[in-house]
Amino acid sequence: MKIATWNINSVRLRINNVVRFLEVEQPDVLCLQETKAQDHDFPITALHAAGYTHTIFSGEKSYNGVALISRVPLKNVQKNEFAGKQDKRHISAELPGGAVLHNFYVPAGGDIPDRNQNEKFGHKLDFVDGMRGWFGKHASKKAPMILVGDLNIAPLEHDVWSHKQLLDVVSHTPIEVEKLTSLQEHLGWVDASRHFVPHSEKLYSWWSYRNQDWKKSDRGRRLDHIWVTEPLQKGLSKSTILKEMRDWEQPSDHVPVVLEIAV
DNA sequence: ATGGTTGGTTACCAA
């Protein structure tokens, strides 16, 4: 099975890019974040026409929003809330074969990495804690699960262009990394992208719009992740980050992360 | 140290 995750930064603006991606890459399931569309505005017709008839979504006006765009049947759809807000940051479903796929959009967290000065940072920390609490209550290490999404945290030294310069920049601060690592270790999640790329190698999935030439400056971060639980580890076969899509016309600032896996 | 760009909505907020 081929699973992809992509922060699309408005699914309506970029629906043609989504369809082009589906045609070129042929994923079984594409997980989107930041769809920024209410459910009645979701551009479902183009996706059905492309063969992705099992498409589910959870959106709100202007902000957030997640979707599973699938050409295989999905069962037991869930939309959960974390950190005490009714925002649309999670959707999950069971894949053929029984593995459960969770798609998350973790809050970005604002600019100041201090929850006393910036409640958005507090919300982000609470959200990641909430994820850990949820999996502690509802899941086990033995369950075959795939967790994907824009986690808005780049945990490893070479997940950012400069470890030193980003230590106090939201997305790479020690407290965020600690919470994400705690979530990861709790159920023994395997980082599928890093499974195929040494930790010493730079690996990014996001480049800011605020650079004259994103490729030349290459100030990227790996904010988008695909994790699997241990029962699925032996099935991992290939993982890619489609960096070249950052050069597509009117691109998202994120590019897709893709995994091929036996489930 | 600062500002740089984009999207949704339509005054700025969020990323």
Side-chain angles (χ1 to χ4, degrees), chain A residues 5-21 31-44 46 57-67 81-90 103-115 117-128 148-155 159-162 164-173 175-177 180 204-225 243 245-257:
Chain A
T5 179
W6 191 11
N7 178 317
I8 194 64
N9 188 15
S10 175
V11 69
R12 285 178 292 172
L13 186 71
R14 273 181 262 282
I15 185 62
N16 292 338
N17 287 14
V18 171
V19 171
R20 181 177 165 197
F21 170 78
C31 310
L32 294 181
Q33 305 86 35
E34 273 207 277
T35 53
K36 295 185 176 177
Q38 296 173 90
D39 290 349
H40 64 261
D41 288 329
F42 200 91
I44 195 163
F57 35 82
S58 178
E60 62 186 286
K61 195 176 179 181
S62 302
Y63 306 115
N64 313 319
V66 287
E81 292 168 353
F82 298 84
K85 296 205 181 201
Q86 276 97 61
D87 48 7
K88 307 301 187 188
R89 297 182 178 273
H90 169 267
N103 178 16
F104 282 97
Y105 175 49
V106 172
D111 288 331
I112 304 167
D114 176 348
R115 68 179 310 152
Q117 295 178 61
N118 169 19
E119 66 179 40
K120 284 188 273 187
F121 191 68
H123 176 218
K124 181 179 197 175
L125 300 179
D126 292 347
F127 191 97
V128 178
V148 312
D150 177 4
L151 305 185
N152 265 315
I153 299 172
D159 290 340
V160 295
W161 62 276
S162 168
K164 243 185 192 170
Q165 284 176 261
L166 272 82
L167 274 172
D168 59 353
V169 173
V170 172
S171 72
H172 193 62
T173 64
I175 185 165
E176 294 167 79
V177 170
L180 193 73
Y204 313 137
S205 65
W206 172 89
W207 291 262
S208 173
Y209 287 124
R210 302 176 192 179
N211 279 313
Q212 274 203 326
D213 185 333
W214 71 273
K215 202 185 281 175
K216 193 176 166 200
S217 55
D218 199 22
R219 295 186 165 190
R221 305 177 201 170
R222 188 170 70 105
L223 303 178
D224 304 277
H225 299 266
K243 181 176 180 176
M245 286 178 58
R246 188 63 178 73
D247 264 339
W248 279 18
E249 196 178 329
Q250 201 170 29
S252 169
D253 45 355
H254 297 250
V255 298
V257 179

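By convention in this document, chain letters (A, B, ...) are assigned in the order of the sequence lines, proteins followed by strands, and residues within each chain are numbered from 1.
Contact of the A:F121 side chain with the A:D114 side chain is not registered, since no non-hydrogen atoms from C-beta on lie closer than 4.5 Å.
If you check residues 118-125 of chain A against DNA chain B, the residues with a heavy atom closer than 4.0 Å are A:K120, listed by number.
Rounded to a whole Å, the CG atom of A:D213 is 14 Å from the P atom of B:dT5. For A:K36 and B:dG7, the NZ to P distance is 8 Å, given to the nearest whole Å. Atom CG in A:N17 sits roughly 11 Å away from atom P in B:dG7 (whole-Å rounding). For the pair A:H254 NE2 and B:dT5 P, the computed distance is 18 Å after rounding to whole Å. Separating the CG atom of A:N7 from the C1' atom of B:dA14 is a distance of 12 Å, rounded to the nearest angstrom. A straight line from CG of A:N64 to C1' of B:dA14 spans 9 Å, rounded to a whole angstrom. Going from atom CG of A:D253 over to atom C1' of B:dG4 covers 14 Å, rounded to whole Å. Rounded to an integer number of Å, the gap from CH2 of A:W206 to P of B:dT5 is 14 Å.
For A:Q250 and B:dG7, the shortest distance from a side-chain N or O to OP1 or OP2 is below 4.0 Å.
Sparse packing is recorded around CG of A:D111, with 12 or fewer heavy atoms of other residues, nucleotides or ligands lying under 6.0 Å away.
Distance check on atom C1': B:dT10 versus B:dT6 gives 16 Å, rounded to whole Å. Separating the C1' atom of B:dA1 from that of B:dC12 is a span of 25 Å, rounded to the nearest Å.
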Output one line per pair: protein atom, nucleotide atom from nucleotides 1-3 of chain B, and distance, for all N/O pairs under 3.5 Å.
none

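For the salt bridge (Lys or Arg N to Asp or Glu O under 4.0 Å) test, no residue two or more places apart in sequence or in another chain qualifies with A:K120. Shown here are the side chain to side chain donor-acceptor pair (under 3.5 Å) partners of A:N118, two or more places apart in sequence or in another chain: there are none. Scored by the side chain to side chain donor-acceptor pair (under 3.5 Å) test, A:R221 finds A:S171 as partners (sequence neighbours excluded).
In this structure, A:K215 contributes its side chain and A:D247 its backbone to no donor-acceptor pair below 3.5 Å. Of the possible polar contacts, none joining the A:E34 side chain to the A:N7 backbone as a donor-acceptor pair under 3.5 Å is found. Using a distance-only test at 3.5 Å, with no hydrogens or angles considered, a donor-acceptor pair links the side chain of A:N152 to the main chain of A:V106. Side-chain N or O atoms of A:R89 include one that pairs as donor or acceptor with a backbone N or O of A:Y105 at under 3.5 Å.
Closest-nucleotide positions on DNA chain B for A:E34 and A:V11 were compared, and the one nearer the 5' end corresponds to A:V11. Comparing A:S62 and A:P107 by the nucleotide of DNA chain B that holds the closest heavy atom to each, the one mapping nearer the 5' end is A:S62.
Between atom CG of residue A:N9 and atom CD of residue A:Q33 there is a gap of 11.5 Å, rounded to the nearest 0.5 Å.
For the ring pair (Phe, Tyr, Trp, His ring centres under 6.0 Å) test with A:W214, the passing option among A:W161, A:Y204, A:W207, A:Y209 is A:W207; the others fail.
Residue A:P155 comes nearest to A:H172 through the heavy atom pair O-CE1, 4.2 Å, listed as atom of the first residue, atom of the second, then distance.
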message: Once pairs are restricted to Watson-Crick or G-U wobble with both distances under 3.5 Å, how does DNA chain B read as a dot-bracket string, [ ] for crossings and | for other-strand pairs?
response: ....((((...))))
